[in-house]
Amino acid sequence: MRELELRLALVCYGGASLAVYMNGISHEILKLIRASRAYHSIDNRDKLASATFLELAPKRPYTTDTESLYYELLQMLGERIDIRVIVDVVSGTSAGGINGIFLARAIAHDLDFNPLRDMWMKLGDVEELMEKGTIAERFSKFYLYPFIWLFADKAFDDANPDEESKRKLSRFLRSRWFKPPFSGRRMLSWMISACQNMGEADANHSLLPSGHKLDLFVSITNFFGQPRRLKLHDPKEIKERQHKVPLSFSYLKAEGQTLKSELDDSNIPGLGFAARATSSFPGAFPPISFSDLTAYLKHKKMPWPSKQAFFAKNFPNQIHNEDALNTMSFIDGGVTNNKPFGEALEAMEDRAAHREVDRRVIYVDPMPDRATDRLNDHSEEKPGFFRTILSSLAEIPRNEPIYDDLQDIAERNKEARRMESVYATIEAEVRQLVDNMLQLDAEKRVSTAILASWRERAHRLAEEKAGYGYSTYMQSKTLSLLDRLAKLLVHIASASGQKLSQTLARERIYAWANEQKIDKADLNQSHEDLQNFIKFLRAFDVDYRVRRLRFTVRQLNQFLQTTCGETTAFHKLTKQQLYKSMETFRSKWHAEAYAGTLDDIWKNKALLPDDAVPAIMNRIAETMQLEEHDFITDEFMALTLSGAGDEDLKLTLFRAYVGYAFYDVLTLPMSTHADLQEIDEIRVDRISPVDCASMHQDDQPLKGTELYNFGAFFSRKARENDYLWGRIHAADRLVDFVLDAAGKENIPADFDRTRFKKRLANRILSSEEHAMKHSGELIAKMRAIFN
């Protein structure tokens, strides 16, 4: 049975009241993930073929609806291909940031999403958002009525806006001016309460497979900015201010290790602050500071157990400066980063797959063409006064194209194809070299010592065959490793609340390497210098170990795919152990691995004296214990090779693990990545009304796009409309993504895609009808479309 992981990175744009639409989309994505988790909860394929979602899903305190249909879809495809859907990354800003936070928390701890729908329906109203005492009474500023109705006619694209929208727009425009009309205090309270209302985060419940990491990135903007120093030639140094701030949260429960979650209840204040800050639309909400959060928590008598960890991770340079933290003012993340692709892509590349993988960036864009059309309207020769100001502040920066991000993905995919081509070209030759060098006796057990010696022989033979190209390889590897060590020192300093200059750390590391004569690779080195070089790599070269293990898993996945063999418990155990070893090695680049181990020899981590570097590096090498972990990995591989019943599988694993040195010599100098991440291409897909145009007569069915994206705040009917379309659009697109990943050859000929989508839509309408108080007419129209 062919196995496939559909790995998603979700990118959620900003859009003020379009948060309601994105909440509907987030809700539906969560339901697909629940279905996938249930489907893969057991290994018994006979039971999977007959069981239902409700039989396999854990009993949780929330209602389900479309989960059973997604389960049915995976079950149908499971006759030919076994698909698991996993979210790697959630990245959001502004309205998308709020929903990204809730979605990531729900995925990490399998929590209820319905309270968030109820929050938006009830509290996402302009009169709820406004400060008390600022809402105009019936006859306040009555002289503005003529101007208000004139403005309303032009503000609404819909020729017939509902009465609630017109009434609340009038009160809004006659209320307080020249101060933000919306309440920042209320918004903070709602965001924290929303996290709490999702339910209690239980370490025993998650929609993520064991050992899988989930990253959440939320963009906010530091209004005053943080000073940075940059090295130049002339002048030697300049100062600038950085306003973009990506807050990050993660979840990981590795097998046999303690749960590490920054999305659980202990960090609700941090998550609530991120939601409030990322959506602080300039002019609509006041900026927020950490002093505001502190005052709220004190008033509510609410603890924040993860406070120090939050600041150490996101504000390491200010962690011991409370005054500096409290004077920071934060506004909407969309001001500096309304389309947060960068963090998502970087994190996604760092995710290894346990099986064949289909990697996708799914970005949610409620209005892909709307703002562009508005800005391209050349009805006036020049933009007017107010239009220039509004577009400059709100429209243009938030609708910059994603060309650069997509170009980065294209370049990365090009590199992946190039690496794949290189691997395919040299594979036959490497096989022959390894087979000629070593004879793997099928009847003889492989010992740990023999396997280690074989690896060493493969390294020597790779050096001989590479000739003068080996110096280039070693130089590339060495420089990359020295840079990694410099970054590690910076991270260790940050984790202790001190700031170490990256430039200083790099200078000191390279000076130390020069003294040790390990900064330059030279085949003509003396025997003593060569031994120092080898000792350095054995002590610190984490990335080579990771690359070798990744490659071994890759070859195992390819073997299973090409042979069409059933994935057995032996195969799964082998991959689990390889990933466990990989994670052990990769953890050596985490600052927490060195907590307290350097304090006696490196007290002031803001400084890095020359004479302290040798002792620091020796202590890091002792803490890494790479050669001990090499022995453990060799021991496991020796047992695996000895126990592999299939001779072809045994040879595949042997050639990959022992012969990897040949591949590394050729590919490392070509790669821009230190640890040669998974060489899979990344596809980019979108969820938007434009991609589901066949469902509705209007080009833009959303009401939240009115009033410069604030329209849904003025009418519950508009919010219900956008929420329903969000769920239905997401369902439509998610089916397309799953079927596309499966491939046409694995979809039964009698499967009716359109009919299945209609079933999903009708299930959504039936489930949500009770909560939609003003959408009877809309639901009737939708049912007519989907019947």
Side-chain angles (χ1 to χ4, degrees), residues 17-35 52-54 57 60-73 99 102-103 106 111-125 128 158 161-165 194 197-199 366 687 689 692 694-698 700-704 711-735 754-787:
S17 74
L18 289 166
V20 181
Y21 175 73
M22 286 184 273
N23 181 255
I25 290 175
S26 301
H27 206 149
E28 203 61 25
I29 291 171
L30 177 64
K31 290 177 177 293
L32 173 60
I33 302 304
R34 282 179 186 159
T52 65
F53 169 78
L54 292 177
R60 302 291 289 148
Y62 50 69
T63 59
T64 60
D65 44 53
T66 53
E67 288 92 338
S68 59
L69 291 179
Y70 290 122
Y71 178 91
E72 182 183 315
L73 178 65
N99 286 293
F102 297 149
L103 178 60
L111 299 175
D112 192 0
F113 221 67
N114 286 331
L116 305 172
R117 173 203 61 200
D118 299 337
M119 178 195 74
W120 285 120
M121 292 302 116
K122 180 181 178 182
L123 302 179
D125 184 276
E128 294 288 342
D158 188 342
D162 62 66
E163 290 301 319
E164 182 185 4
S165 295
N197 293 339
M198 296 175 73
I687 299 177
C692 308
S694 62
M695 292 183 171
H696 30 73
Q697 296 177 345
D698 299 329
Q700 177 55 279
L702 306 184
K703 302 300 183 184
F713 290 151
F714 288 84
S715 165
R716 171 157 182 155
K717 184 177 181 181
R719 293 193 293 280
E720 292 179 2
N721 174 89
D722 289 4
Y723 172 77
L724 286 174
W725 280 123
R727 282 201 64 182
I728 290 172
H729 286 169
D732 181 87
R733 298 294 285 152
L734 291 174
V735 171
T754 302
R755 186 63 208 152
F756 185 80
K757 289 181 178 181
K758 288 183 177 181
R759 289 177 63 199
L760 278 169
N762 279 303
R763 183 70 60 86
I764 291 168
L765 295 176
S766 297
S767 175
E768 298 288 359
E769 190 171 15
H770 75 283
M772 303 293 109
K773 308 295 185 184
H774 304 280
S775 298
E777 183 180 349
L778 173 65
I779 291 175
K781 288 181 179 179
M782 286 182 166
R783 284 201 167 114
I785 295 172
F786 301 124
N787 283 333

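The structure displayed is predicted, hence computed values, not measured ones.
Contact check for R783 versus E769: side-chain heavy atoms found under the 4.5 Å cut-off. Side-chain contact between N99 and W120 is present, with heavy atoms from C-beta onward closer than 4.5 Å.
Ion pairing of D125 with R716 is absent here, as no side-chain N (NZ or NE/NH1/NH2) approaches a carboxylate O to less than 4.0 Å.
Nearest heavy atoms, A718 versus A712: CB-CA, 4.0 Å. Residues T52 and Y71 share a closest heavy-atom pair of C-CE2, 3.8 Å. The two atoms that bring D722 and P701 nearest to each other are OD1-O, 4.4 Å, heavy atoms only. Minimum interatomic distance between E720 and A771 (heavy atoms only, all atoms of both residues): OE2-O, 4.0 Å. Nearest heavy atoms, A194 versus F102: CB-CZ, 3.6 Å. The shortest heavy-atom contact between P366 and L18 is CB-CD1, 3.7 Å.
Distance check, rounded to the nearest 0.5 Å: CH2 of W725 to CD1 of I25 gives 12.5 Å. Note: R727 CZ to S767 OG = 5.5 Å, rounded to the nearest 0.5 Å. For the atom pair NZ of K717 and CE of M772, the computed distance is 14.0 Å after rounding to the nearest 0.5 Å. Here the CZ-CZ distance, from R34 to F113, works out to 9.0 Å after rounding to the nearest 0.5 Å. Atom-to-atom distance recorded for K757:NZ and L73:CG is 11.0 Å, nearest 0.5 angstrom. Atoms CD and CG, from E67 and L30 in turn, are 7.0 Å apart once rounded to the nearest 0.5 Å.
With 3.5 Å as the limit, one finds no donor-acceptor pair spanning the side chains of R759 and T66. For N114 and T63, the side-chain atoms include at least one donor-acceptor pair closer than 3.5 Å.
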